[in-house]
Amino acid sequence: MGLRVENIGKSFFNKGQEKIVLKNIDLNIKDGEFVTLLGPSGCGKTTLLTIIAGFQSAEEGHIYLGEKKVSKPGPDRGFVFQDYALFPWMTVGDNIVYPLKIQGVSKEKRDEKLQELLELAGLKGNENLFPHEISGGMKQRTAFVRALAGNPEVLLMDEPLGAIDFQMRNKIQRELEELWLKTKKTVVMVTHDIDEALFLSDRVIVMSREEGKILRDLRVPLKRTRDKESLEYLELKKELTELLERALRG
Ligand SMILES: Nc1ncnc2c1ncn2[C@@H]1O[C@H](COP(=O)(O)OP(=O)(O)OP(=O)(O)O)[C@@H](O)[C@H]1O
Ligand SMILES: [Mg+2]
């Protein structure tokens with residue numbers, strides 16, 4: 001389902017001083033599109049993503065999912081938190097179907113859905129392990145399918161690979177792409193990593209630090225799976241690097 005961000009504005013007050021974090025943010029995200037919000041620390045990426053999720057409200061503007069206006073959290077939007085936020089006292093399996101448990105879905109239905117999600121994430125046989133017993137990539141996949149458990153229309157991810165060390169990133173990026181290609185969900189992902197944005201997204205939205213503006217809405221016309229050594233990729237990477245430098249200046 002498509003997602004529309006319409007004229008979103010958000011400020012925070014700090015010691016009586018108003019700080020505008022987002023201003024006149026408009027975005028139209030098509031059904032099945034993978035869109036990344038890229039920008040320097042503090043530019044308002046998480047704020048925008050959590051407004052879309054309904055975790056906090058905006059002073060101005062609206063969010064539409066399809067034709068429906070949304071202002072509160074709902075099962076139609078799945079969320080992958082930075083650092084995964086898996087429950088350390090629950091097994092992989094219990095973590096994955098937790099959203100269904102709080103929705104009151106029966107044990108039988110939960111078990112059925114769990115098998116499907118374990119299969120999708122390549123986690124079969126690991127459902128009884130605890131988060132500290134699995135690798136970073138497996139944690140990432142657990143968080144991903146937990147967000148899919150309630151069968152959301154849209155998947156929102158805040159730096160989903162933020163905790164993955166550099167050597168593993170390429171591999172995990174490919175795994176994430178594969179998972180997404182299987183689900184075909186609409187995705188909004190936050191990152192400040194240019195390669196992650198370019199490798200995964202159909203569109204990269206570059207945000208600037210000053211007054212939460214959108215600096216550029218860049219389409220990535222490269223065929224998947226992308227070759228990070230190709231000339232077209234490197235050209236886009238150069239363009240994004242320059243844009244990010246501008247974003248840092250404001
Ligand atoms: N609850 C809050 N109260 C006051 N200020 C806030 C609050 N939440 C965010 N901010 C401020 O809003 C700005 C944007 O924060 P946000 O977390 O959206 O940035 P970000 O782009 O996600 O940064 P990062 O890449 O570091 O995660 C920052 O200046 C931050 O200090
Ligand atoms: Mg953030």
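As the structure lists them, so they are numbered: ligands from 1, and atoms in each ligand from 1. For this chain, numbers begin at 1 and follow the sequence in order.
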Regarding Y233 and D195, is there a side-chain donor-to-acceptor distance under 3.5 Å anywhere? yes

Just jot down the ligand 1 atoms closer than 4.0 angstrom to any heavy atom of H192, in number order. 25 (O)

Mutual orientation of the aromatic rings belonging to F55 and F81 [parallel < 30°, tilted 30-60°, perpendicular > 60°]: parallel

Within less than 4.0 angstrom of ligand 1, does G39 place any heavy atom? no

If we number the atoms of ligand 1 from 1 as shown, the ones under 4.0 Å from a heavy atom of T47 are 14 (C), 15 (O), 16 (P), 18 (O)

Any side-chain to backbone donor/acceptor pair from D26 onto N7? Under 3.5 Å, distance only. yes

Under 4.0 angstrom from atom 31 (O) of ligand 1, is there any protein heavy atom? no

Is the ring pair F87/W89 parallel, tilted or perpendicular, if the boundaries are 30 and 60 degrees? tilted

Would Q56 count as a contact residue for ligand 1, given that I'm defining contact as a non-hydrogen atom of the residue lying under 4.0 Å from a ligand atom? no

Short list, please: which atoms of ligand 1 are under 4.0 Å from a heavy atom of E159? 25 (O)

Report yes if some heavy atom in the side chain of L27 is under 4.5 Å from a heavy atom in the side chain of I214; otherwise report no. yes

Hey, does N14 sit under 4.0 Å from ligand 1 if you only count heavy atoms? no

Establish whether atom 9 (C) of ligand 1 and some protein heavy atom are separated by less than 4.0 angstrom. yes

Taking the side chain as every heavy atom from C-beta outward, state whether I96 and T142 have any pair of such atoms under 4.5 Å apart. yes

